Protein chains: 2
Amino acid sequence: MARPPDKTARAELLLAASEEFAAHGVEGTTIQAITVRAGRSKGAFYLHFDSKDTAFRALVESVFDGLASFLGDVVPTPKLGWGLAEVRAHWLATDVRAFEYVWRHRDVFRLVLSGGMCERFAFLTDAFALAASESIARWLRYGVAQGFYRADLDVEIASMMIGGAYDGLARELVGRKRKPRLTQWLAQFQGVFVGGLGAQVRPRRQDANGATTTPVPRVARRNRGVASRR
Amino acid sequence: MARPPDKTARAELLLAASEEFAAHGVEGTTIQAITVRAGRSKGAFYLHFDSKDTAFRALVESVFDGLASFLGDVVPTPKLGWGLAEVRAHWLATDVRAFEYVWRHRDVFRLVLSGGMCERFAFLTDAFALAASESIARWLRYGVAQGFYRADLDVEIASMMIGGAYDGLARELVGRKRKPRLTQWLAQFQGVFVGGLGAQVRPRRQDANGATTTPVPRVARRNRGVASRR
DNA sequence: CCGGTTATTGACCGCGCAGTCAAGAATGGC
DNA sequence: GCCATTCTTGACTGCGCGGTCAATAACCGG
C-alpha cells in the first residue's frame, strides 16, 4: 500500500551532484543547482542525503571502493615464488586496469586530488593511501628478499617516493583532455623506477651526504612544485 | 598634511589571512575572521584588497615568486662542461634550499597543494609548473647528450614523472608535523631516480609492451591514489 | 472509486556573510 | 588651537544559500 519510492532518484541526484561538483567544485556547488540538474525538488535531495557533504562522501566512497578492489589481489609472501618476469607482468596489468578505472572516474578523482577537498574529507582517502603505501612496502621488501632490489634500499623512503609518483601520475591523468597510452606510460614509469635514468652500469659507491644512499642525484631538479597540468 | 596611512596594515592583514586560510581553508575563512585576527576593521581589509580572492592571490604569488628564484640560476648548455659530480652536488644543494623554503612557507604551500585551491586559482601555479617542467627536461637532455643518461630515455614522460615525484615530495613535506632530514630525503630521492631500484647490472633489453622502454616495472604497484599523509 | 499511507514538492524562513558608507579619528600645516 | 585632508571604523544592508514542512500527488488494497 502507499506510494512506492522512486528508486532512481538517489542515483540521479548523485550523478547530478558529481557533474556539478566537477564543474564548480564542492564548495562552489549549491544544493539548488544539483536538484535543478537532476530535475528533482530540493526536498528530494534531503530525502536521500543529510547534506551536501553526505552526498560528496557517498560519491567518493563508492569510487574508492572500486579502486581498492585492485589492491591486494595477490599478496607477496616468501612462498609465492614468482620470478621478476611474472611479478612485472602481473603488476603492469594491474596498474593499467587501475588507471583505466581512474580515467573512467576522472571527474571524481580530480575533485579528490586537486582541490575541492577540504581537510575535513581527508579521512576518505587516508584509508586507501595507507593500504596502498603498505602494499608498495610489502612488494619492495619481497623484491629485496628475492634479490630483485638492492639490499640497502630504504623501503620507507622508497615507498613514499613511489606512492607519491603514482599520485602525481594520477593527478596528471585526470588533468588530461584526451586519454594517453596508459600501457606505455606505466611501462616507462616502472622502467625508470627499476632501472633508473643512468646510462650504464655505475659502480656502487658510498655517498658523501649521508645514510644508506647509493649513487646519487643529478637529474633531480630543483623544480619541485606542482606538476604541469594539461 | 593629513593623516598618513598605516603602512603595516596590509602586511598584518596578509599575515592574518594566511593564518586563517591555513586553519580553515580559503572557502572556510570569512573576512571578518581575518580582520579580527589582525586586530583591524573590516573596512581596513577592503582598503587593501578587493576581495578574499585578491588577498589569497597576493599571498600565493609572493610565495611562488620566492620559489621561482631557485629555478634557472644555472642553465645547462653544451658549453657548460660540468661533470656528473658537479651537476649532482649543485642540484642537491639547490633542491635542499628550495625544500627548506617550502618547509618555511608550508602553510601556504599546503593550501596550494592539497585542496583549498579552487580550479579558478590554477593559473597561479601553472606558470611555475611549466617553468619547472621545462627545467627538468633541459637537464635530462643535457644528461643524455653528455652520456649521463640512457639515450633511449623518453624525456617527455621522464620529466613528467620526476616533476610529479617532486610534487608528491612537497605534498608529503607540508603534511609533516616535524621537519624531516631534507638532505637525506633528497639524496635518496635522486639516488632512486638515477640508479633505480634494481639490485645489479641489468642487461639492457627490448621490452615487450611497446615503445622505447628499457627493462621494466615490477615495484610499480597498482597502489596509485593518494600518497600517505602525516 | 475510496480511504489510508507514503513519496514528493517548492515556497518559505533565518542565518551569516560580503561588501558599503556616513561618521569619526588622526594627522599636518598654519 | 583650528582647519583641511585623509585614514579608519563598524553598524548596516541585501542577498543567497542551507534546511524545513505543510500541502499535495501518487500509489495500493479493498
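Lettering follows sequence order; numbering is per chain, from 1. All figures in this text were calculated on a predicted structure; none of them were measured in a lab.
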Take atom CZ of A/Phe45 and atom P of C/dA7, then tell me their distance rounded to the nearest Å. 18 Å

B/Asp53 atom CG is separated from C/dC17 atom C1', nearest whole Å, by 14 Å

Can you check salt bridge (Lys or Arg N to Asp or Glu O under 4.0 Å) on B/Arg176 and B/Glu172, steps first, answer last? CA-CA 7 Å; B/Arg176 296 260 173 161; B/Glu172 173 70 24; 3.0 Å; yes

Give the ring-plane orientation class for A/Phe109 versus A/Phe64, where under 30° counts as parallel, over 60° as perpendicular and anything between as tilted. tilted

Would you name the heavy atoms of A/Ala55 and A/Phe45 that are closest together and state the gap between them? CB-CZ, 4.0 Å

Separation of C/dG10 C1' from A/Leu47 CG (nearest whole Å): 14 Å

Sort me out a list of protein N/O and nucleotides 17-21 of chain D N/O pairs below 3.5 Å, or just none if empty.
{"residue": "D/dG18", "atom": "OP2", "partner": "A/Ile31", "partner atom": "N", "Å": "3.1"}
{"residue": "D/dG18", "atom": "N7", "partner": "A/Lys42", "partner atom": "NZ", "Å": "3.1"}
{"residue": "D/dG19", "atom": "OP2", "partner": "A/Tyr46", "partner atom": "OH", "Å": "3.2"}
{"residue": "D/dG19", "atom": "N7", "partner": "A/Lys42", "partner atom": "NZ", "Å": "3.4"}
{"residue": "D/dG19", "atom": "O6", "partner": "A/Lys42", "partner atom": "NZ", "Å": "2.7"}

Once the angle between the rings of B/Tyr166 and B/Phe99 is folded into 0 to 90°, is it parallel (under 30°), tilted (30 to 60°) or perpendicular (over 60°)? tilted

Between B/Thr8 and B/Asp6, a side-chain donor and acceptor under 3.5 Å: yes

Between C1' on D/dC7 and CZ on B/Arg40, what's the gap in Å once rounded to a whole number? 11 Å

Return the value, rounded to whole Å, for the distance between atom CD of B/Glu12 and atom P of D/dT8. 11 Å

For A/Arg57, what residues pass the side-chain hydrogen bond (donor to acceptor under 3.5 Å, both in side chains) criterion, not counting sequence neighbours? A/Glu61

